[in-house]
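Here is the structure we will look at.
Just follow the structure's listing: the first ligand is 1, and inside any ligand the first atom is 1. One-based numbering along the sequence shown.
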Amino acid sequence: MKTCLVTGGLGFIGTNFIKYIAAHRKDIAITNVDSVTYAANPCNIDEKSTPHYKFYKVDIANNDELGDVFRENKIDYVVNFAAESHVDRSILNPSLFVKTNIEGTLNLLKLSLEYKIEKFLQISTDEVYGSLGEDGLFTEITPLSPRSPYSASKASADMLVMSFFHTFGLPVLITRCSNNYGPYQFPEKLIPLTIINALTGKDIPLYGDGKNIRDWIYVADHIRGVLDVLEQGRFGEIYNIGGCGEMQNIDIISLILKKLNKPLSLIKYVKDRAGHDRRYAMDFSKITKELGFTPELNLNDGLDSTISWYLENEDWWKKIISGDYRNYYKTMYEMR
Ligand code: NAD
Ligand code: TDX
């Protein structure tokens, strides 16, 4: 059995990853390190009923506490999901993004080298490539051109990861994925925000002219891609993961409202995000050719499944929107 240190496993994608492993992979034990920020939900994973699972409430930016985790466990793989992940928050507080996304990743790299782990997988994002116009796709050799403090911190982390490969021979891998959606996504992100605001009769804030494009991928597809790269990827390589799900923001919001039988009049155009990237789109032919990965769920079916999850799990999101999230929402949207 291999032991995989997962960081950020109480967040959206980390939770889905751990649940998948627990259900399908008896040969992988999980040690989850999460500092439990606003984006984490400790109820997502029940320690008692999850086999071969251990949890540590540790900040990856705290090298001493993180060192204890490596000392106490024989780690084979590291998969680094932990991050400050919301672009709008990075505009309000860039320093926190440097601390977690860059310093935290550096601590993980140093400890991985010291403890001679077998594989280090960095979970990165298409945002490191910057912004596309109407044409073109990001490939793995597109120059890095991050435009928000969030994407700049992720690009910096990617460069540190590659530096540990070239300088120290650490067996690293990087995945860069497009916009995820699905169960357990925190309601600050566009799709859950739209579903929850629609269900609670609130306006849906649409930034700028609403024509920015994202490539949407269902989270379960991303996770299959991550596992493919972890198990079969070539060290020192970057793999794009995409969803074949390009859509303008106005269209995806309208589609969700239609599926929920809610009026389009809920859409409210608001001040644009500063430095708002226009379009993301992925060429992920490398992972398809090398590892056989393709996304399975199309956007329409993925949205149906996501909407059903939010309808069936009201308790999960109602607890969030009645807590600190209310202050965040006020700061972010009241004066917009
Ligand atoms: P999320 O914000 O939902 O979860 C992040 C998790 O990391 C939370 O549980 C949080 O408590 C934890 N965390 C934050 N700072 C920490 C620290 N200092 N130490 C330990 N834990 C810490 O994020 P997500 O959407 O699940 O994204 C996971 C990863 O995937 C991130 O690295 C993100 O950059 C990347 N990614 C996300 C998307 C997307 O669309 N959501 C797309 C591509 C890549
Ligand atoms: O209220 C909103 N109104 C709006 O128009 C919000 C929250 C977003 N938007 C727009 C901005 C983007 O064009 O919707 C699009 C998607 O926004 P987000 O959900 O905030 O995602 P994005 O900024 O594209 O970044 C996401 O994808 C890549 C994740 O948050 C990142 O962690 C990931 O790396």
Between [X] and [Y], does any side-chain donor sit less than 3.5 Å from a side-chain acceptor?
X	Y	answer
Trp216	Asn180	no
Thr7	Asn80	yes
Tyr150	Ser85	no
Asp324	Tyr329	no

Checking contacts here: is it the side chain or the backbone of [X] that comes within 4.0 Å of ligand 2, counting heavy atoms only? Could be both or neither.
X	value
Val87	side chain
Leu206	both
Lys189	both

If you measure every N or O of [X] against every N or O of ligand 2, does any of those distances drop under 3.5 Å?
X	result
Tyr280	no
Tyr333	yes
Asp88	no
Pro205	yes
Arg214	yes
Glu188	no
Asp126	no
Asn212	no

Enumerate the pairs of nitrogen or oxygen atoms, one from ligand 1 and one from the protein, separated by less than 3.5 angstrom; state names and distance to 0.1 Å.
| unit_1 | atom_1 | unit_2 | atom_2 | d |
| --- | --- | --- | --- | --- |
| ligand 1 | 2 (O) | Ser85 | OG | 2.6 |
| ligand 1 | 3 (O) | Phe12 | N | 3.1 |
| ligand 1 | 9 (O) | Gly11 | N | 2.9 |
| ligand 1 | 9 (O) | Asp34 | OD1 | 3.3 |
| ligand 1 | 9 (O) | Asp34 | OD2 | 2.6 |
| ligand 1 | 11 (O) | Asp34 | OD1 | 2.6 |
| ligand 1 | 11 (O) | Thr37 | N | 3.0 |
| ligand 1 | 11 (O) | Thr37 | OG1 | 3.0 |
| ligand 1 | 18 (N) | Asp59 | OD1 | 2.7 |
| ligand 1 | 18 (N) | Thr100 | OG1 | 3.0 |
| ligand 1 | 19 (N) | Ser35 | OG | 3.4 |
| ligand 1 | 19 (N) | Ile60 | N | 3.0 |
| ligand 1 | 21 (N) | Ser35 | N | 3.1 |
| ligand 1 | 21 (N) | Ser35 | OG | 3.4 |
| ligand 1 | 23 (O) | Ser85 | OG | 3.3 |
| ligand 1 | 26 (O) | Phe12 | N | 3.3 |
| ligand 1 | 26 (O) | Ile13 | N | 2.8 |
| ligand 1 | 32 (O) | Phe81 | O | 3.0 |
| ligand 1 | 32 (O) | Lys154 | NZ | 2.7 |
| ligand 1 | 34 (O) | Tyr150 | OH | 2.6 |
| ligand 1 | 34 (O) | Lys154 | NZ | 3.0 |
| ligand 1 | 40 (O) | Asn180 | N | 2.8 |

What's the shortest distance from [atom] to any protein heavy atom, and which residue and atom give it?
atom	answer
atom 29 (C) of ligand 2	Ser85 O, 3.9 Å
atom 20 (O) of ligand 2	Arg273 NH2, 3.0 Å
atom 21 (O) of ligand 2	Asn179 ND2, 3.4 Å

Quiz item: So between His276, Gln248, Met332, whose heavy atom ends up nearest atom 13 (O) of ligand 2?
Solution: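 Looking at heavy atoms only, His276 sits closest to atom 13 (O) of ligand 2.
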Exercise. Please write out which residues are connected to Ile141 in a hydrophobic cluster, directly or through intermediates, given that two of Ile, Leu, Val, Met, Phe, Trp, Tyr count as joined at side-chain heavy-atom separations below 4.5 angstrom.
Key: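 Members other than Ile141 - counting any ILVMFWY side chain reachable under 4.5 Å - there are none.
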Quiz item: To which residues is Leu137 joined in a hydrophobic cluster, defined by side-chain heavy-atom contacts under 4.5 Å among Ile, Leu, Val, Met, Phe, Trp and Tyr, whether direct or through other members?
Solution: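 Direct or chained contacts put Leu137 with none.
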Practice problem: Is it possible for you to check whether Arg89 lies under 6.0 Å from the centre of the six-membered ring of Tyr328, through NZ or CZ, and within 45° of that ring's axis? | Solution: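 Yes, a cation-pi geometry holds between Arg89 and Tyr328.
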Quiz item: Hey, are the side chains of Arg176 and Asp126 touching, using non-hydrogen atoms and a 4.5 Å cut-off?
Solution: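 No, side chains not in contact.
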Self-check item: Heavy-atom check, side chain of Asn179 versus side chain of Ile217, under 4.5 Å
Solution: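 When only atoms from C-beta onward are counted, Ile217 and Asn179 do not touch, as no gap falls below 4.5 Å.
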Quiz item: Is the ring centre of Phe186 less than 6.0 Å from the ring centre of Phe12?
Solution: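 Between Phe186 and Phe12, the centre distance exceeds or equals 6.0 Å.
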Self-check item: Partner set under salt bridge (charged side-chain N to carboxylate O under 4.0 Å, His left out) for Asp59, not counting sequence neighbours
Solution: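 Per chain and number, Asp59 pairs via salt bridge (charged side-chain N to carboxylate O under 4.0 Å, His left out) with no residue.
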Practice problem: Check the pair Ser285, Thr288 against side-chain hydrogen bond (donor to acceptor under 3.5 Å, both in side chains), reporting the backbone distance first and the verdict last. | Solution: CA-CA 5 Å; Ser285 52; Thr288 303; over 6 Å; no
Quiz item: Donor-acceptor pair, Ser131 side chain versus Asp277 backbone, under 3.5 Å?
Solution: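 Not a single qualifying donor-acceptor pair exists.
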